[in-house]
Amino acid sequence: MDLHILDHRLRVISISKSGLVNFTHPLIKLIFLRNRTRCKFFSLTETPENYTVVLDEEGFKELQPSEHLQVENSIWLPLNVVSNGNASSSSQAVGVTKIAKSVIAPLAQQHVSVFMLSTYQTDFILVREKDLSVVISSLEEEFNIYREVGGESVPVLCQDVSSCLQKNGKEAIQPTVHPVLIPQNQFCVMSLDPDTLPSIATTLIDVLFYSSSPKEDAQSSPGQDLDCIKFFSFSLIDGYISLVMDTEAQRQFPADLLFTSSSGELWRMVRIGGHPLGFDECGIVAQISQPLAESDISAYYISTFSFDHALVPEEDIVSVTDMLQHQRKEPAT
Ligand code: ARG
(Lines give C-alpha, C1' and ligand atoms only; values in the text may rest on other atoms or scores of the structure.)
Protein backbone atom coordinates (compact mmCIF):
# COMPACT_ATOMS: atom_id res chain seq x y z
CA MET A 1 0.00 0.00 0.00
CA ASP A 2 1.03 3.57 -0.63
CA LEU A 3 1.02 6.45 1.77
CA HIS A 4 1.04 9.95 0.36
CA ILE A 5 2.19 13.03 2.22
CA LEU A 6 0.08 15.63 0.50
CA ASP A 7 1.34 18.99 -0.64
CA HIS A 8 -0.74 21.10 1.75
CA ARG A 9 0.46 22.91 4.86
CA LEU A 10 -2.56 23.16 7.09
CA ARG A 11 -3.77 25.26 9.98
CA VAL A 12 -6.39 24.21 12.49
CA ILE A 13 -8.53 27.08 13.69
CA SER A 14 -11.63 27.71 15.69
CA ILE A 15 -14.05 30.56 15.20
CA SER A 16 -16.28 31.32 18.15
CA LYS A 17 -20.02 31.07 17.60
CA SER A 18 -20.56 34.74 18.25
CA GLY A 19 -17.60 35.70 16.05
CA LEU A 20 -18.81 33.96 12.91
CA VAL A 21 -20.41 37.15 11.57
CA ASN A 22 -16.92 38.61 11.27
CA PHE A 23 -15.87 35.85 8.90
CA THR A 24 -18.81 35.28 6.58
CA HIS A 25 -17.17 37.28 3.81
CA PRO A 26 -13.93 35.24 3.61
CA LEU A 27 -15.79 31.96 4.25
CA ILE A 28 -18.20 32.59 1.38
CA LYS A 29 -15.21 33.23 -0.85
CA LEU A 30 -13.50 30.03 0.30
CA ILE A 31 -16.62 27.92 -0.15
CA PHE A 32 -18.19 29.30 -3.32
CA LEU A 33 -15.64 31.31 -5.25
CA ARG A 34 -12.92 28.80 -5.99
CA ASN A 35 -11.44 30.95 -8.74
CA ARG A 36 -10.84 33.84 -6.39
CA THR A 37 -8.62 32.01 -3.95
CA ARG A 38 -5.66 29.68 -4.25
CA CYS A 39 -6.91 27.65 -1.32
CA LYS A 40 -6.93 23.94 -2.19
CA PHE A 41 -7.77 22.43 1.18
CA PHE A 42 -10.72 23.81 3.10
CA SER A 43 -12.95 22.28 5.73
CA LEU A 44 -15.54 23.92 7.99
CA THR A 45 -17.34 22.06 10.76
CA GLU A 46 -19.99 23.47 13.05
CA THR A 47 -20.32 21.88 16.48
CA PRO A 48 -22.18 23.15 19.56
CA GLU A 49 -18.95 24.72 20.86
CA ASN A 50 -17.58 26.56 17.86
CA TYR A 51 -16.69 26.36 14.18
CA THR A 52 -13.56 24.42 13.27
CA VAL A 53 -11.75 25.46 10.13
CA VAL A 54 -8.93 23.41 8.66
CA LEU A 55 -7.30 25.08 5.69
CA ASP A 56 -4.04 25.58 3.86
CA GLU A 57 -1.81 28.62 4.12
CA GLU A 58 -3.36 30.24 1.06
CA GLY A 59 -6.78 29.99 2.66
CA PHE A 60 -5.47 31.08 6.03
CA LYS A 61 -4.37 34.39 4.49
CA GLU A 62 -8.04 35.18 3.89
CA LEU A 63 -8.85 35.21 7.61
CA GLN A 64 -7.97 38.36 9.52
CA PRO A 65 -6.63 37.88 13.06
CA SER A 66 -9.36 38.49 15.59
CA GLU A 67 -10.28 37.79 19.18
CA HIS A 68 -12.84 35.35 17.81
CA LEU A 69 -10.19 33.28 16.07
CA GLN A 70 -8.13 30.67 17.89
CA VAL A 71 -5.27 29.25 15.88
CA GLU A 72 -3.47 26.05 16.81
CA ASN A 73 0.22 26.86 16.60
CA SER A 74 1.43 24.03 14.41
CA ILE A 75 1.55 23.36 10.72
CA TRP A 76 -0.22 20.07 9.99
CA LEU A 77 0.39 17.87 6.96
CA PRO A 78 -2.31 15.56 5.59
CA LEU A 79 -1.46 11.92 4.96
CA ASN A 80 -3.56 9.75 2.75
CA VAL A 81 -3.49 5.99 2.20
CA VAL A 82 -3.94 4.72 -1.33
CA SER A 83 -4.53 1.00 -1.66
CA ASN A 84 -3.11 0.17 -5.06
CA GLY A 85 -5.76 -2.14 -6.37
CA ASN A 86 -4.69 -5.42 -4.81
CA ALA A 87 -7.72 -6.15 -2.66
CA SER A 88 -5.72 -8.22 -0.24
CA SER A 89 -7.78 -7.18 2.73
CA SER A 90 -10.86 -9.27 3.49
CA SER A 91 -12.48 -6.33 5.22
CA GLN A 92 -15.53 -4.61 3.78
CA ALA A 93 -15.26 -1.81 6.27
CA VAL A 94 -14.61 1.74 5.17
CA GLY A 95 -13.12 4.84 6.69
CA VAL A 96 -10.80 4.99 9.63
CA THR A 97 -11.37 1.28 10.34
CA LYS A 98 -9.30 0.42 7.27
CA ILE A 99 -6.26 2.32 8.53
CA ALA A 100 -6.60 1.67 12.27
CA LYS A 101 -4.00 -1.08 12.42
CA SER A 102 -1.60 0.12 9.74
CA VAL A 103 -1.48 3.87 10.43
CA ILE A 104 -3.35 4.98 13.54
CA ALA A 105 -1.97 2.38 15.96
CA PRO A 106 1.72 2.70 15.00
CA LEU A 107 1.56 6.50 15.21
CA ALA A 108 -0.07 6.35 18.64
CA GLN A 109 2.61 3.93 19.75
CA GLN A 110 5.26 6.45 18.76
CA HIS A 111 3.37 9.17 20.65
CA VAL A 112 2.51 11.07 17.50
CA SER A 113 -0.57 13.22 17.90
CA VAL A 114 -2.91 13.11 14.92
CA PHE A 115 -5.95 15.08 13.82
CA MET A 116 -8.43 13.11 11.71
CA LEU A 117 -10.58 14.32 8.91
CA SER A 118 -12.72 11.73 7.17
CA THR A 119 -14.56 12.84 4.07
CA TYR A 120 -16.91 11.16 1.60
CA GLN A 121 -13.93 10.44 -0.63
CA THR A 122 -11.14 9.52 1.76
CA ASP A 123 -9.64 9.80 5.22
CA PHE A 124 -6.98 12.40 5.91
CA ILE A 125 -4.62 11.81 8.79
CA LEU A 126 -3.12 15.14 9.80
CA VAL A 127 0.23 15.07 11.57
CA ARG A 128 2.38 17.91 12.78
CA GLU A 129 5.11 18.88 10.35
CA LYS A 130 7.70 18.59 13.12
CA ASP A 131 6.72 14.94 13.67
CA LEU A 132 7.25 14.01 10.04
CA SER A 133 10.48 12.07 10.47
CA VAL A 134 8.99 9.96 13.26
CA VAL A 135 5.90 9.43 11.13
CA ILE A 136 7.98 8.25 8.21
CA SER A 137 10.08 5.88 10.27
CA SER A 138 7.02 4.41 11.97
CA LEU A 139 5.21 3.75 8.71
CA GLU A 140 7.91 2.97 6.17
CA GLU A 141 7.86 -0.74 6.92
CA GLU A 142 4.20 -1.01 6.03
CA PHE A 143 3.97 1.52 3.20
CA ASN A 144 5.66 2.90 0.15
CA ILE A 145 5.76 6.53 1.15
CA TYR A 146 5.52 9.35 -1.36
CA ARG A 147 5.71 13.05 -0.85
CA GLU A 148 3.66 15.14 -3.24
CA VAL A 149 5.59 18.10 -4.52
CA GLY A 150 3.99 20.40 -7.06
CA GLY A 151 1.70 17.69 -8.42
CA GLU A 152 4.42 15.00 -8.60
CA SER A 153 4.73 12.04 -6.24
CA VAL A 154 8.31 11.71 -5.08
CA PRO A 155 9.30 8.51 -3.24
CA VAL A 156 10.53 9.20 0.27
CA LEU A 157 13.86 7.53 0.91
CA CYS A 158 14.41 5.30 3.90
CA GLN A 159 15.35 7.05 7.08
CA ASP A 160 17.79 6.21 9.78
CA VAL A 161 15.11 4.43 11.73
CA SER A 162 16.96 3.95 14.99
CA SER A 163 17.39 7.67 15.56
CA CYS A 164 13.81 8.66 16.07
CA LEU A 165 11.78 5.61 17.00
CA GLN A 166 10.84 5.02 20.59
CA LYS A 167 12.48 1.98 22.08
CA ASN A 168 10.16 -0.97 21.87
CA GLY A 169 10.64 -1.85 25.48
CA LYS A 170 9.30 1.42 26.80
CA GLU A 171 6.27 0.73 28.91
CA ALA A 172 3.11 1.81 27.17
CA ILE A 173 1.54 4.86 28.75
CA GLN A 174 -1.91 4.06 30.03
CA PRO A 175 -4.17 6.06 27.70
CA THR A 176 -6.76 8.35 29.22
CA VAL A 177 -10.23 7.03 28.61
CA HIS A 178 -12.38 9.97 27.65
CA PRO A 179 -16.10 10.17 28.29
CA VAL A 180 -18.29 9.82 25.22
CA LEU A 181 -21.61 11.28 24.22
CA ILE A 182 -23.99 9.51 21.86
CA PRO A 183 -26.51 11.96 20.45
CA GLN A 184 -29.75 10.80 18.89
CA ASN A 185 -29.41 12.32 15.42
CA GLN A 186 -28.80 10.24 12.33
CA PHE A 187 -26.13 11.49 9.97
CA CYS A 188 -25.37 11.12 6.31
CA VAL A 189 -22.08 11.52 4.52
CA MET A 190 -22.55 12.97 1.08
CA SER A 191 -20.93 14.51 -1.92
CA LEU A 192 -21.82 16.87 -4.71
CA ASP A 193 -20.51 17.72 -8.13
CA PRO A 194 -18.64 21.03 -7.61
CA ASP A 195 -20.33 22.38 -10.73
CA THR A 196 -23.70 22.11 -9.02
CA LEU A 197 -22.53 23.92 -5.89
CA PRO A 198 -24.28 27.14 -7.02
CA SER A 199 -27.62 25.32 -7.00
CA ILE A 200 -27.39 24.58 -3.30
CA ALA A 201 -25.70 27.86 -2.37
CA THR A 202 -28.65 29.50 -0.67
CA THR A 203 -29.42 26.39 1.37
CA LEU A 204 -25.79 26.01 2.36
CA ILE A 205 -25.56 29.67 3.38
CA ASP A 206 -28.74 29.27 5.40
CA VAL A 207 -27.56 26.11 7.16
CA LEU A 208 -24.03 27.35 7.80
CA PHE A 209 -24.60 30.94 8.78
CA TYR A 210 -28.20 31.27 9.90
CA SER A 211 -29.06 27.90 11.39
CA SER A 212 -29.03 28.61 15.09
CA SER A 213 -31.95 30.49 16.51
CA PRO A 214 -31.21 32.61 19.61
CA LYS A 215 -33.04 30.01 21.68
CA GLU A 216 -30.68 27.29 20.50
CA ASP A 217 -27.70 29.49 21.26
CA ALA A 218 -28.72 29.87 24.83
CA GLN A 219 -28.76 26.16 25.51
CA SER A 220 -25.90 25.01 23.34
CA SER A 221 -23.35 25.03 26.13
CA PRO A 222 -21.66 21.65 26.21
CA GLY A 223 -22.16 19.39 29.17
CA GLN A 224 -25.92 19.51 29.09
CA ASP A 225 -27.84 16.42 28.20
CA LEU A 226 -28.16 17.19 24.53
CA ASP A 227 -30.46 14.75 22.84
CA CYS A 228 -29.41 15.87 19.43
CA ILE A 229 -26.19 17.61 18.64
CA LYS A 230 -25.53 20.39 16.17
CA PHE A 231 -22.98 19.03 13.73
CA PHE A 232 -22.50 20.06 10.13
CA SER A 233 -19.36 19.68 8.10
CA PHE A 234 -18.46 20.97 4.63
CA SER A 235 -15.16 20.37 2.94
CA LEU A 236 -13.71 21.26 -0.43
CA ILE A 237 -10.41 19.50 -0.86
CA ASP A 238 -8.50 19.29 -4.13
CA GLY A 239 -11.76 19.93 -5.97
CA TYR A 240 -13.83 17.33 -4.13
CA ILE A 241 -16.78 18.26 -1.94
CA SER A 242 -17.84 16.31 1.11
CA LEU A 243 -20.74 17.04 3.43
CA VAL A 244 -21.67 15.50 6.76
CA MET A 245 -25.04 16.51 8.14
CA ASP A 246 -27.93 15.10 10.10
CA THR A 247 -31.15 14.05 8.45
CA GLU A 248 -32.85 17.23 9.57
CA ALA A 249 -30.37 19.41 7.70
CA GLN A 250 -30.46 17.04 4.76
CA ARG A 251 -34.18 17.64 4.29
CA GLN A 252 -33.45 21.27 3.52
CA PHE A 253 -31.34 20.39 0.49
CA PRO A 254 -32.79 19.51 -2.92
CA ALA A 255 -32.90 15.71 -2.97
CA ASP A 256 -31.46 15.22 -6.43
CA LEU A 257 -28.10 16.96 -6.14
CA LEU A 258 -26.39 15.45 -3.14
CA PHE A 259 -25.34 11.86 -3.46
CA THR A 260 -24.22 9.25 -1.01
CA SER A 261 -22.64 5.85 -1.40
CA SER A 262 -25.01 2.89 -1.84
CA SER A 263 -28.56 3.05 -0.51
CA GLY A 264 -28.28 6.17 1.62
CA GLU A 265 -26.80 4.63 4.75
CA LEU A 266 -27.30 6.48 8.00
CA TRP A 267 -24.69 6.94 10.69
CA ARG A 268 -24.75 7.56 14.42
CA MET A 269 -22.23 9.69 16.23
CA VAL A 270 -19.97 9.01 19.15
CA ARG A 271 -18.49 12.26 20.40
CA ILE A 272 -15.29 11.73 22.31
CA GLY A 273 -14.22 14.04 25.13
CA GLY A 274 -15.78 15.56 28.23
CA HIS A 275 -13.65 18.69 28.16
CA PRO A 276 -11.71 20.00 25.13
CA LEU A 277 -9.14 17.42 24.06
CA GLY A 278 -6.36 19.78 23.03
CA PHE A 279 -3.84 18.82 20.38
CA ASP A 280 -0.98 17.14 22.17
CA GLU A 281 -2.56 13.99 23.49
CA CYS A 282 -2.08 10.95 21.31
CA GLY A 283 -3.90 7.66 21.17
CA ILE A 284 -7.46 8.97 21.28
CA VAL A 285 -8.24 7.98 17.69
CA ALA A 286 -6.41 4.69 18.25
CA GLN A 287 -8.48 3.89 21.31
CA ILE A 288 -11.71 4.20 19.35
CA SER A 289 -10.65 2.86 15.98
CA GLN A 290 -8.87 -0.28 17.22
CA PRO A 291 -11.95 -1.99 18.65
CA LEU A 292 -13.94 -0.92 15.59
CA ALA A 293 -11.32 -2.53 13.38
CA GLU A 294 -11.45 -5.71 15.44
CA SER A 295 -15.19 -5.92 14.91
CA ASP A 296 -14.86 -4.76 11.30
CA ILE A 297 -17.25 -1.86 11.81
CA SER A 298 -16.88 1.03 9.35
CA ALA A 299 -16.34 4.47 10.78
CA TYR A 300 -15.78 8.00 9.68
CA TYR A 301 -13.75 10.05 12.13
CA ILE A 302 -13.75 13.83 12.33
CA SER A 303 -11.61 15.72 14.79
CA THR A 304 -12.65 19.26 15.58
CA PHE A 305 -10.97 22.00 17.59
CA SER A 306 -12.52 20.80 20.83
CA PHE A 307 -13.67 17.19 20.43
CA ASP A 308 -13.42 14.10 18.28
CA HIS A 309 -16.37 12.53 16.48
CA ALA A 310 -16.71 9.01 15.18
CA LEU A 311 -19.59 8.07 12.90
CA VAL A 312 -20.62 4.43 12.84
CA PRO A 313 -23.38 2.67 10.87
CA GLU A 314 -26.64 3.10 12.78
CA GLU A 315 -27.20 -0.63 12.98
CA ASP A 316 -23.92 -0.97 14.87
CA ILE A 317 -24.45 1.76 17.45
CA VAL A 318 -25.62 -0.68 20.14
CA SER A 319 -22.61 -2.93 19.84
CA VAL A 320 -20.30 0.09 19.64
CA THR A 321 -21.86 1.51 22.81
CA ASP A 322 -21.37 -1.84 24.57
CA MET A 323 -17.80 -2.00 23.35
CA LEU A 324 -17.00 1.47 24.65
CA GLN A 325 -18.63 0.75 27.99
CA HIS A 326 -16.56 -2.38 28.31
CA GLN A 327 -13.42 -0.38 27.51
CA ARG A 328 -14.30 2.03 30.28
CA LYS A 329 -14.54 -0.74 32.84
CA GLU A 330 -11.31 -2.38 31.75
CA PRO A 331 -9.16 0.28 30.17
CA ALA A 332 -6.18 -2.07 30.13
CA THR A 333 -5.68 -2.66 26.41
N1 ARG B 1 -4.57 14.05 18.95
C2 ARG B 1 -5.57 13.03 19.13
C3 ARG B 1 -4.96 11.66 18.83
O4 ARG B 1 -3.83 11.56 18.46
C5 ARG B 1 -6.78 13.28 18.26
C6 ARG B 1 -7.26 14.71 18.24
C7 ARG B 1 -7.92 15.15 19.51
N8 ARG B 1 -8.00 16.57 19.65
C9 ARG B 1 -8.92 17.37 19.13
N10 ARG B 1 -8.82 18.65 19.32
N11 ARG B 1 -9.92 16.89 18.42
O12 ARG B 1 -5.61 10.66 18.97
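Counting starts at 1 for both ligands and their atoms, in listed order. The figures here come from the full heavy-atom set of this structure, side chains too, leaving out hydrogens, waters and symmetry mates.
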Visitor: Can you name the residues that come within less than 4.0 Å of ligand 1, going by heavy atoms only?
Guide: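 Lining ligand 1 at under 4.0 Å, by heavy atoms, one finds S113, V114, L277, G278, F279, E281, C282, G283, I284, V285, S303, T304, F305, F307, D308.
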Visitor: Using the ring-ring contact (aromatic ring centres under 6.0 Å, His included) rule, pick out the option among Y300, F231, F187, Y301 that qualifies with W267.
Guide: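 Exactly one pass, corresponding to Y300.
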Visitor: Can you classify the ring geometry of Y120 versus F259 as parallel (below 30°), tilted (30 to 60°) or perpendicular (above 60°)?
Guide: perpendicular
Visitor: How are the rings of F115 and W76 set to each other: parallel, tilted or perpendicular (split at 30° and 60°)?
Guide: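 Tilted: the ring planes of F115 and W76 meet at 30° to 60°.
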Visitor: Drop me the distance from I205's CD1 to L27's CG, to the nearest 0.5 angstrom.
Guide: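 The CG atom of L27 is 11.0 Å from CD1 of I205, to the nearest 0.5 Å.
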Visitor: Would R9 and E57 count as a salt bridge (Lys or Arg N to Asp or Glu O under 4.0 Å) if you check the C-alpha gap in whole Å, the side-chain angles of each, and the deciding distance to 0.1 Å?
Guide: CA-CA 6 Å; R9 303 181 76 239; E57 289 178 312; 2.8 Å; yes
Visitor: Can you list every side-chain hydrogen bond (donor to acceptor under 3.5 Å, both in side chains) pair that touches residues 27-44, not counting sequence neighbours?
Guide: K29-E62
